Amino acid sequence: MTQSNAKIPVTIVTGFLGSGKTTLLRHILGNAEGRRIAVIVNEFGELGIDGEILRGCGIGCDDEGNEREGALYELANGCVCCTVQEEFLPVMLQLAERRGDIDAVIIETSGLALPKPLVQAFQWPDIANIFTVDSVVTVVDGPAAASGQFAENPEAVDEARRADPNLDHESPLHELFEDQLSAADLVVLNKTDLMDDATRAQVEALVREELPPEVKIVAATEGKLPLALLLGQGRAAETTIHLRESHHDHEEDHDHDEFDSLVIDLPPVDRDVLLAALAALVEQHTIYRVKGFVAVPGKPMRLLVQGVGRRFDHHFDRRWRDDEAQRTRLVFIGEDLDEAALRKALEGVAAVPA
């Protein structure tokens, strides 16, 4: 097979909410060294925050900062595994038409996505001769796993649930974590800078129980790994994915009715007061993820806020454009979210003067 008609390698990056998938993707694209990479970002919720984060880093833009059509594909109607027939195939066919311009494709799945159906989709006749799944890279949030959210021992889960209100949820999250590991060709144990050696060893042992011996676990901080390790694995995962058992193998359909996603818009707010309010909400509600953009009075830059459990990260990512309203928009992902209560709790934050 000549290089001109070789299959285009596709790397699928999966992982639980807040594990660091987007950070890993930014690292890959920031160190592409001339590789022409097409990106598909899959977002759960009404707001394409992750796509905005990527665009804020210049990904998908030309040298002048203008967005290039077709450089970034963002699917905003649910998980790839849920919308695969409606959106995934047309996008892949568009990429196939541009195969001469593409060296690789990276798909960042939603944190709620099951990777196995997506890998199986690459067996479809329309794309089977054009693309191959180079590998499935599963990103694991080390500190989150260490907290007991995905412990095999039900008694340990109950104990952790009583100790931390953020862990008051049902088993689907644990099963999802296992399913994302079962599809992995490589596991990135992320945020190791936030763990000591003993905790890291504990998490590696937990993850190893879900993996076959040949799947490697590599440690990372902010997803910073050599691209030679992440790309070019040549696994052709679509040919062996049927051998990997998952919790959802015998289900005819897959949905995310257990999860809620809602968007709250606010005017400019005080940063510290907002972060304190969000921390309080996480304590009072079953919120797995908070992410969004914040307008801070007197600041020309947009504040990016991302939270997982009790941990919140924030930084100014870019200047507000002249053609966009300076407002605060937050996405909440969790279970049984009380939208009225969340909005009421944040009303006071919006009223804080600059």
Side-chain angles (χ1 to χ4, degrees), residues 1-14 21-43 48 50-76 79-81 83-110 113 115 117-137 139 183 185-186 223 225-239 241:
M1 181 178 292
T2 64
Q3 184 64 31
S4 61
N5 61 8
K7 292 184 179 182
I8 300 173
V10 179
T11 300
I12 297 174
V13 179
T14 187
K21 300 185 301 296
T22 300
T23 301
L24 177 67
L25 179 55
R26 291 170 62 176
H27 167 70
I28 293 174
L29 297 180
N31 297 274
E33 297 179 345
R35 296 179 180 88
R36 299 168 299 173
I37 301 175
V39 181
I40 299 175
V41 178
N42 178 222
E43 179 70 15
D50 288 342
E52 274 295 321
I53 293 172
L54 294 174
R55 279 191 284 268
C57 297
I59 297 168
C61 299
D62 59 22
D63 293 337
E64 302 299 323
N66 300 310
E67 186 176 343
R68 295 196 306 268
E69 181 178 357
L72 177 72
Y73 293 95
E74 182 178 355
L75 312 182
C79 295
V80 169
C81 58
T83 62
V84 67
Q85 292 182 334
E86 299 175 8
E87 295 188 62
F88 172 75
L89 182 58
V91 167
M92 297 310 296
L93 292 177
Q94 290 180 46
L95 293 179
E97 293 177 356
R98 300 176 52 184
R99 63 186 304 175
D101 302 324
I102 298 172
D103 296 319
V105 177
I106 298 179
I107 301 177
E108 180 197 344
T109 72
S110 159
L118 175 58
V119 177
Q120 291 173 320
F122 283 88
Q123 299 172 346
W124 291 354
D126 289 334
I127 60 175
N129 294 325
I130 303 172
F131 300 95
T132 182
V133 180
D134 183 71
S135 68
V136 177
V137 177
V139 185
D185 298 297
L186 178 72
L225 292 168
L227 263 60
L229 178 64
L230 298 168
L231 306 180
Q233 295 189 47
R235 300 285 184 171
E238 72 275 12
T239 64
I241 191 65

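Side chains are part of it too, since the values below use all heavy atoms of this structure and drop only hydrogens, waters and symmetry mates. What you are looking at is a predicted structure, and each value in this text was computed from that prediction instead of being measured.
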Inset, instruction - Say whether, by atom type as modelled, one donor and one acceptor occur between the side chain of Asp134 and the main chain of Gly232 under 3.5 angstrom. - result: yes
Legend entry - Under the ring-ring contact (aromatic ring centres under 6.0 Å, His included) test, residues paired with Phe122 that sit two or more places apart: Phe88
Legend entry - For the student: nearest non-hydrogen atoms of Arg36 and Gly100, plus distance: NH1-O, 3.0 Å
Legend entry - Sidechain-backbone polar pair: Arg99 side chain, Ala6 backbone, donor-acceptor under 3.5 Å: yes
Legend entry - Set of residues satisfying salt bridge (charged side-chain N to carboxylate O under 4.0 Å, His left out) with respect to Asp126, sequence neighbours excluded: none
Inset, instruction - Measure across Ala183 and Val136 and return the closest heavy-atom pair with its distance rounded to 0.1 Å. - result: O-CB, 3.3 Å
Inset, instruction - For residues His27 and Leu227, determine if any side-chain heavy atom of one lies less than 4.5 Å from a side-chain heavy atom of the other. - result: yes
Legend entry - Side chain to side chain, Thr11 and Val105, heavy atoms closer than 4.5 Å: no
Legend entry - Option from Asp185, Ile12, Thr14 for which side-chain contact (heavy atoms from CB on, under 4.5 Å) with Val119 holds: Ile12
Inset, instruction - Please tell me if the side chains of Glu108 and Leu25 come closer than 4.5 Å, counting only heavy atoms from C-beta onward. - result: yes
Inset, instruction - Give a yes or no answer on whether the side chain of Lys7 reaches the backbone of Val133 with a donor-acceptor pair at less than 3.5 Å. - result: no
Legend entry - Closest approach of Leu186 to Leu229 (non-hydrogen atoms, all atoms of both residues): CD2-O, 3.9 Å
Legend entry - Counterpart residues, side-chain hydrogen bond (donor to acceptor under 3.5 Å, both in side chains), relative to Thr23 (two or more places apart): none
